[in-house]
Amino acid sequence: MPDLQSIPELDGDILIWKLYKNAYIRAYCDSYDTCIDIISNNIPLTHWHPNEEDIFDELYTLSKKGNILVIKKALLGAKVFYMGEPEKYQFNKNKKWHWGKLIYLEQNN
């Protein structure tokens, strides 16, 4: 797929994908669960459990060339705020929020 940012690596049954500056994706799918982790500087930022049918689409959106990932980090945890094309992201990446902080991840060039 020529529109992917980079090529993932397999570590056993876990997919490791270095997509962002100082951050990478770890994904797996087994008979019990599916999971996508976002890790930065060896610290988990957030994770979610997409349906088995949806994990490919989510990984494709995360890894498509030029796409961004924005994580909302608050006192009680973190979650994905936006993933996709930067042109469709409706906020300034330097905007300040009262309810937490946004972590803006751009892909490696």
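The basis for the numbers below is simple: all heavy atoms, side chains too, and nothing from hydrogens, waters or symmetry mates.
Between Phe91 and Tyr89, the ring-plane angle classifies as perpendicular under the 30° and 60° cut-offs.
When every heavy atom of Cys29 is checked against every heavy atom of Glu52, the shortest pair comes out as SG-CG, 3.6 Å. Across all non-hydrogen atoms, the minimal contact from Met83 to Leu62 is SD-CD2, 3.5 Å. Residue Asn22 comes nearest to Ser40 through the heavy atom pair O-OG, 2.9 Å, listed as atom of the first residue, atom of the second, then distance. When every heavy atom of Asn67 is checked against every heavy atom of Tyr20, the shortest pair comes out as O-CE2, 4.4 Å.
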Item to complete: Run the numbers on Tyr24 and Asn42 for side chain to side chain contact (heavy atoms under 4.5 Å, CB included), then give the verdict.
Response: CA-CA 9 Å; Tyr24 65 93; Asn42 294 322; 4.2 Å; yes
Worksheet entry | Chi angles and distances behind the side chain to side chain contact (heavy atoms under 4.5 Å, CB included) call for Arg26, Ile39 | CA-CA 8 Å; Arg26 186 173 62 192; Ile39 300 165; 3.5 Å; yes
Fill in: Steps toward side chain to side chain contact (heavy atoms under 4.5 Å, CB included) verdict (Ile25, Leu59)
CA-CA 9 Å; Ile25 294 170; Leu59 288 172; 4.0 Å; yes
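At a threshold of 4.5 Å between non-hydrogen side-chain atoms, the residues Lys18 and Glu9 count as touching. Within the 4.5 Å cutoff, no side-chain heavy atoms of Tyr28 are placed close to those of Thr34. Side chains of Asp30 and Asp13 form no contact here, defined as non-hydrogen atoms less than 4.5 Å apart. Leu10 places a side-chain heavy atom less than 4.5 Å from the side chain of Leu15. For the pair Pro44/Ile38, no side-chain contact is recorded, criterion being any heavy-atom separation below 4.5 Å from C-beta on. Proximity of Ile36 to Ile55: side-chain heavy atoms (C-beta onward) are separated by under 4.5 Å at one or more points.
Tyr60 and Asp3 share a side-chain donor-acceptor pair at under 3.5 Å. Side-chain contact of Gln5 with Trp17: a donor-acceptor pair under 3.5 Å is absent, judged by distance alone.
Checking side-chain atoms of Asn41 against main-chain N and O of Ile43 turns up no donor-acceptor pair under 3.5 Å.
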For residues 75-82, dump all side-chain donor-acceptor pairs below 3.5 Å to protein atoms at least two apart in sequence or in another chain.
from, atom 1, to, atom 2, distance (Å)
Tyr82, OH, Glu85, N, 3.2
Tyr82, OH, Glu85, O, 2.6

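Taken from OG in Ser63 to CG in Leu69, the straight-line distance is 11.5 Å, to the nearest 0.5 Å. If you take CG on Leu45 and NE2 on His47, they are separated by 12.5 Å, rounding to the nearest 0.5 Å. With values rounded to the nearest 0.5 angstrom, Asp57 atom CG is found 11.0 Å from Asn51 atom CG. From Lys73, atom NZ reaches atom CD1 of Ile103 across 5.0 Å, with rounding to the nearest 0.5 Å.
A 6.0 Å sphere centred on CG of Asp33 holds more than 12 heavy atoms belonging to other residues, nucleotides or ligands. Within 6.0 Å of atom CG in Asn92, more than 12 heavy atoms from other residues, nucleotides or ligands are found, so the atom counts as buried in its surroundings.
Hydrophobic clustering (ILVMFWY, side-chain heavy atoms < 4.5 Å, transitive): Trp48 and Leu19 are in one cluster.
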